[in-house]
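Bear in mind that the values here come from a model prediction, so they are computed numbers and not experimental data.
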Protein chains: 2
Amino acid sequence: MTADRPLRADAQRNRARILAAAEQVFAERGPAASTQEVATRADVAIGTVFRHFPTKRDLLAAIMKDLRQRLLDKAGTLLADGPPGAALFDYFTFLVESSAKVGTVAGLLAEEGTAIEPDEQIAAFTQTFGTLLDAAREAGTVRPDVRLDEVMALLSAATHGALAGAWSDDLRRRTLALLLDALRPRRS
Amino acid sequence: MTADRPLRADAQRNRARILAAAEQVFAERGPAASTQEVATRADVAIGTVFRHFPTKRDLLAAIMKDLRQRLLDKAGTLLADGPPGAALFDYFTFLVESSAKVGTVAGLLAEEGTAIEPDEQIAAFTQTFGTLLDAAREAGTVRPDVRLDEVMALLSAATHGALAGAWSDDLRRRTLALLLDALRPRRS
DNA sequence: AGGTAAGATGAGTGGCGACTCATTTTTGAA
DNA sequence: TTCAAAAATGAGTCGCCACTCATCTTACCT
């Protein structure tokens, strides 16, 4: 389809700067921040932003995609390292901590106000968690009756809560512990 | 201070209509909905809205206050009816279900984008939950080591999650069950 | 080096939304 | 019934923001 020739060097550079700036700005000021501010932060004229991302929505979508990809990649790392029984818990924790730092993450699973079209990446998230859940179930570290949609719902809740509530590190840790305990099998 | 004489009859009527309309509109369209739309829905000119609430922020604040009061009142009812050990769980559930229906509730504890000044009502919420938590602890229906701030954090999470995620009734019920289980003492 | 297409620039446009105010209508008290 | 104060009205102001486009600049190919 689009056999686009590669971008010119300066265009590539600018595209990257815009994405980086946008991620910062939106994380700080929320998705309502103006495109002008992104342009300024990226040290680029506003027209350039619109050349790369014809719509504000497109810009948001691009950031999200980037972010999701990074978070998705982390899953592989965690799965490779620790014992499979713990990976689910570790990844869950990792995602919640990320969302506490990077504001934008909130729109991870259900895309907040500036909704973006259903993405294959969110399917990938669900699938990843499916795998982690199965592994944990097999290792006996989760209750056998916990379902995937419940895990996703809890994740979404924890994520949004951590973001909106601005919990302290300590509170976040304790709350998360409590929450994850809900998934663990009860000691006979 | 403000020894305001009572509002004229038509003014009272309009104030009430505006509040009702605003609650609907903001629940449907989110806090970004225009004041004009509120006015139209209330069948009132836009100037009238601004006479009663000089600022959009004021209007939002008034709605929130109303809503919080209603939710706060419900606590008394629940506490009077059931056994004290269950009241905490019932109220928690009630609040989450409300937020699933009434969009605006999200800003209950931590006020979302359109932040409003620290309110005595949110202190009242915390206090209410403190009471419920103590009662439940005494009745042995919660783990003795669960702290109040953890309960509030979980509530905020569940509330925001239910709102943003648009969970089905079934999913909400199951997720809530899981979450509340986290608070219950483990069977020896 | 020179040419050209891709890209960058930023003043300008249009629309929308919060808020104002001169004017008209309504209320309630005398 | 009368009338002044209170309230309602809604066209208009102002500022902000997404998005455009005529013009200038730059990368890259020969």
Side-chain angles (χ1 to χ4, degrees), chain A residues 2-64 104 111-117, chain B residues 2-64 104 112-116:
Chain A
T2 42
D4 307 308
R5 32 174 61 178
L7 287 177
R8 234 168 61 177
D10 55 346
Q12 271 180 309
R13 203 181 333 119
N14 280 337
R15 193 179 196 297
R17 298 175 90 184
I18 291 168
L19 276 175
E23 188 164 336
Q24 270 188 42
V25 171
F26 289 133
E28 286 169 19
R29 301 264 211 273
S34 76
T35 309
Q36 178 61 62
E37 189 165 348
V38 173
T40 305
R41 184 90 59 115
D43 205 29
V44 140
I46 194 172
T48 305
V49 176
F50 282 99
R51 164 170 267 265
H52 287 282
F53 307 96
T55 270
K56 189 178 182 177
R57 198 192 193 66
D58 292 332
L59 180 52
L60 257 319
I63 288 176
M64 293 303 232
T104 328
E111 320 270 22
E112 63 174 288
T114 326
I116 298 168
E117 79 283 358
Chain B
T2 42
D4 307 309
R5 31 172 61 180
L7 287 177
R8 238 169 58 177
D10 55 345
Q12 270 181 310
R13 205 183 329 120
N14 281 336
R15 191 176 199 286
R17 299 174 90 182
I18 290 168
L19 277 174
E23 187 163 338
Q24 271 188 44
V25 170
F26 290 132
E28 286 170 18
R29 302 264 211 275
S34 75
T35 308
Q36 178 60 63
E37 190 165 348
V38 173
T40 305
R41 184 90 60 116
D43 205 30
V44 139
I46 193 172
T48 305
V49 177
F50 281 99
R51 163 171 267 264
H52 286 282
F53 307 96
T55 270
K56 189 180 183 177
R57 196 190 194 69
D58 291 333
L59 180 53
L60 257 319
I63 289 176
M64 292 304 233
T104 328
E112 64 175 289
T114 326
I116 299 169

Legend entry - Partners meeting side chain to side chain donor-acceptor pair (under 3.5 Å) with A/S34 (sequence neighbours left out): none

Inset, instruction - Measure across A/F26 and A/A33 and return the closest heavy-atom pair with its distance rounded to 0.1 Å. - result: CE2-O, 3.6 Å

Would you mind telling me which of [options] lies closest to the side-chain atoms of [X]?
X	options	value
B/R8	D/dA6, C/dG7, D/dC19	D/dA6
A/A9	C/dA8, D/dC28, C/dT26	D/dC28
B/D10	C/dT27, D/dA18, C/dA6	C/dT27
B/K56	D/dT9, C/dG10, C/dA18	C/dA18

Inset, instruction - For A/A33, report the nucleic acid contact type (base, sugar-phosphate, nothing); a contact means any heavy atom under 4.0 Å. - result: sugar-phosphate

Inset, instruction - For B/S34, report the nucleic acid contact type (base, sugar-phosphate, nothing); a contact means any heavy atom under 4.0 Å. - result: sugar-phosphate

Integer-rounded Å distance: [N] [atom2] and [X] [atom1]:
X	N	atom1	atom2	value
A/F26	D/dA18	CZ	P	8 Å
A/R15	C/dA6	CZ	C1'	16 Å
B/I18	D/dA8	CD1	C1'	10 Å
B/L7	D/dA7	CG	C1'	10 Å
A/R5	C/dG7	CZ	P	9 Å
B/Q36	D/dA8	CD	P	16 Å
A/F53	D/dC17	CZ	P	20 Å
B/I46	C/dA18	CD1	C1'	7 Å

Legend entry - Any donor-acceptor N/O pair, B/K56 side chain to B/F50 backbone, under 3.5 Å: no

Inset, instruction - Report yes or no: does B/T48 contribute a side-chain atom to a donor-acceptor pair with the main-chain N or O of B/V44 at less than 3.5 Å? - result: no

Taking 4.0 Å as the cut-off, does a side-chain nitrogen or oxygen of [X] come that near to OP1 or OP2 on [N]?
X	N	result
A/T35	D/dA18	yes
B/H52	D/dA8	yes
A/R51	D/dC21	no
B/N14	D/dA8	yes
A/T48	C/dT9	yes

Legend entry - Electrostatic pair B/R41:B/E28 at N-O distance under 4.0 angstrom: yes

